[in-house]
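First up is the structure itself, then whatever we jot down about it.
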Amino acid sequence: MDDEDLRPDWFKTGARHVWRPYAQMQTAPAPLPVVRTEGARLHLADGRVLIDGVASWWTACHGYNHPQIITAMHRQLDAMPHVMLGGLAHEQAYRLAARLAALLPGELNHVFFAESGSVAVEIAMKMAVQFHLNRGAQGRTKFVAFRGGYHGDTFAAMSVCDPEEGMHALFAGALAPQHIVELPRDAASEAALDLLLARHEDIAGIVVEPLVQGAGGMLFHDGDTLRRLRRLADKHGVLLIFDEIFTGFGRTGTLFAMQQADVVPDIVTLSKALTGGAAPLSAAVASTRVFDAFLGDDPMRALMHGPTYMGHALGCAAANASLDLFERGDWTDAVSRIAAQLTEELAPCRGFSRVAQVRTKGAIGVVELDAPADVGALTARFVERGVWIRPFGRIVYLTPAFVISPSELTQLTSAIAAVLAD
């Protein structure tokens, strides 16, 4: 870790007041003070530079400080940082909504903005419940979700996460009970889910991360699984919700993971890389069929939800600039290159005694250990090698910025191999 004498005054003054995420504050090592970012690099207060292997929880897909995004935010800041969307409108949110509707497949045409991914999941769940209520179906208030899934840390989102996931097990008695089952990866598990949906008329929707279950373990499944879910949702009259907060915007190799399965959900949630990591923003995007169920003369048919900073103008400006970069198309070759390099350079880890599995998909590289590791000790070892890699549980993973250079990526994969070889 960095020398305490080199830590800046703001860090020394504020350290005892900031309650940090996922950290036991009594025993967790001190965080690393970052003073500047660029591309795939973090510049620390003590002068060290780390190659960032996780792109700030997968958000900085275009790299840090991308000039096109920063310029767009400066322009918007000068004109109008924010204005409420309750009764008012602004160009950035309206342009962004239209662009997302055009990019998403099918009739995913109606965009409800919020600030964070977890809140977008809550909004999608709320939409699903009220969709049924507005159509006269009482009692559809539960959801089907899947083992290995993770959808955020707010209460409704926690209820559809894997209940055995360590972060949320403590709250089991406080969370709304849901139907948490195995993903229908084959005919037998599809039949089991079919039976569950037939027996329970209280189910409003199915919530799933398409192709990759992210923070629940970086677990992969195929397009057939998503097609089974679409068939079952249609058969039993429930809504299918795709959580693309992790998988959206190029991470799996297509702009949206759903495109690889040719499956269109009823609602999709987006966040993380939506703004290229430059500002908080999320969206729950509903199909026209879902949206139309909220129309009518009765005010109570409306979706009574409105985050204070929904459609935040600065965030929407960043997102529009990010979409400009995606439309340019450079990212597709970059993700293909990263995927090939991750596959090749992480392969030697399969021979290590503590490694259970190595898997890659798009710009995602995963080394799964045979048991939970000392995350703090592993992270410190990686920092010693000049990289920022933050494992969780048994998972050592890479989700780098798409602009990372081959040599920077090799520094990351080499660090993983060297540390795990020990």
Side-chain angles (χ1 to χ4, degrees), residues 121 124-125 128 140-153 156-173 175-247 252 257-258 260-269 356-361 364 366 368-372 392-395 397:
V121 171
M125 294 172 69
R140 284 188 176 266
T141 59
K142 304 299 183 186
F143 291 85
V144 170
F146 301 99
R147 301 198 184 281
Y150 171 85
H151 302 282
D153 296 342
M158 283 197 295
S159 76
V160 289
C161 295
D162 188 325
E164 297 178 4
E165 204 283 320
M167 290 187 294
H168 299 154
L170 185 67
F171 297 93
L175 301 177
Q178 309 289 4
H179 303 279
I180 311 295
V181 299
E182 297 293 335
L183 275 167
R185 299 174 184 269
D186 52 31
S189 51
E190 180 180 1
L193 181 53
D194 189 7
L195 185 61
L196 173 72
L197 290 165
R199 287 180 172 176
H200 294 273
E201 296 183 353
D202 60 352
I203 295 171
I206 298 170
V207 185
V208 66
E209 299 157 274
L211 298 188
V212 184
Q213 293 173 297
M218 296 290 175
L219 305 170
F220 301 168
H221 55 269
D222 60 18
D224 285 341
T225 299
L226 302 178
R227 287 185 280 274
R228 292 185 185 98
L229 291 176
R230 181 72 271 177
R231 285 197 300 269
L232 291 174
D234 292 340
K235 177 179 179 180
H236 296 282
V238 303
L239 297 186
L240 180 60
I241 300 170
F242 279 0
D243 178 352
E244 289 236 24
I245 290 164
F246 171 48
T247 58
T252 66
M258 69 179 83
Q260 295 181 44
D262 196 22
V263 173
V264 181
D266 300 293
I267 305 171
V268 61
T269 58
Q357 191 179 68
V358 176
R359 52 188 180 269
T360 61
K361 183 169 184 61
I364 306 167
V366 182
E368 182 174 344
L369 305 180
D370 60 3
F392 62 90
R394 300 189 302 170
I395 304 300
Y397 73 96

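The residues of the chain are indexed from 1 along the displayed sequence. Basis for what follows: all heavy atoms, side chains included, without hydrogens, waters or symmetry-related copies.
Nearest heavy atoms, Val366 versus Ile364: CG2-CG2, 3.9 Å. When all heavy atoms are compared, the tightest approach of Ala257 to Pro210 is CB-O, 3.6 Å. When all heavy atoms of Gly152 and Cys161 are compared, the pair lying nearest together is O-SG, 3.7 Å. Across every non-hydrogen atom of Arg230 and Val264, the tightest pair is NH1-O, 2.8 Å. Nearest heavy atoms, Ala124 versus Thr269: CB-CG2, 3.8 Å. Considering all non-hydrogen atoms of both residues, Ala371 and Arg394 come closest at C-CG, 3.2 Å.
Considering only heavy atoms from C-beta on, Pro184 comes within 4.5 Å of Phe146 through its side chain. The shortest side-chain heavy-atom distance between Val207 and His151 falls under the 4.5 Å cut-off. Met125 places a side-chain heavy atom less than 4.5 Å from the side chain of Ser159. Residues Gln213 and Leu183 have side chains in contact (heavy-atom distance under 4.5 Å, counting atoms from C-beta outward). For the pair Leu240/Leu226, no side-chain contact is recorded, criterion being any heavy-atom separation below 4.5 Å from C-beta on. At a threshold of 4.5 Å between non-hydrogen side-chain atoms, the residues Ile180 and Glu164 do not count as touching.
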**Request:** In sequence, state the C-alpha distance, the side-chain angles, and the governing distance for His179 and Asp202, and then conclude on side chain to side chain contact (heavy atoms under 4.5 Å, CB included).
**Result:** CA-CA 10 Å; His179 303 279; Asp202 60 352; 3.5 Å; yes
For residues 214-225, tabulate all N or O donor-acceptor pairs below 3.5 Å that involve a side-chain atom, not counting sequence neighbours.
from   : atom 1 : to     : atom 2 : distance (Å)
His221 : NE2    : Glu209 : O      : 3.4
His221 : NE2    : Leu211 : N      : 2.9
Asp222 : OD1    : Asp224 : N      : 3.2
Asp222 : OD1    : Thr225 : N      : 3.1
Asp222 : OD1    : Thr225 : OG1    : 3.1
Asp224 : OD1    : Arg227 : NE     : 3.3
Asp224 : OD1    : Arg227 : NH2    : 2.6

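Looking only at atom types and distance, the side chain of His168 has no donor-acceptor partner in the side chain of Asp162 under 3.5 Å away.
Here the CG-CG distance, from Leu196 to Leu232, works out to 10.0 Å after rounding to the nearest 0.5 Å. Note: Thr141 OG1 to Ile203 CD1 = 10.0 Å, rounded to the nearest 0.5 Å. In this structure, the separation between CZ on Phe242 and CD1 on Ile267 is 12.0 Å, given to the nearest 0.5 Å. Between the NZ atom in Lys142 and the NE2 atom in His200 there is a gap of 11.5 Å [rounded to 0.5 Å].
Residues satisfying the side-chain hydrogen bond (donor to acceptor under 3.5 Å, both in side chains) test with Arg140, not counting sequence neighbours, are none.
For Glu201, the CD atom sits in a loose shell: 12 or fewer heavy atoms of surrounding residues, nucleotides or ligands are nearer than 6.0 Å.
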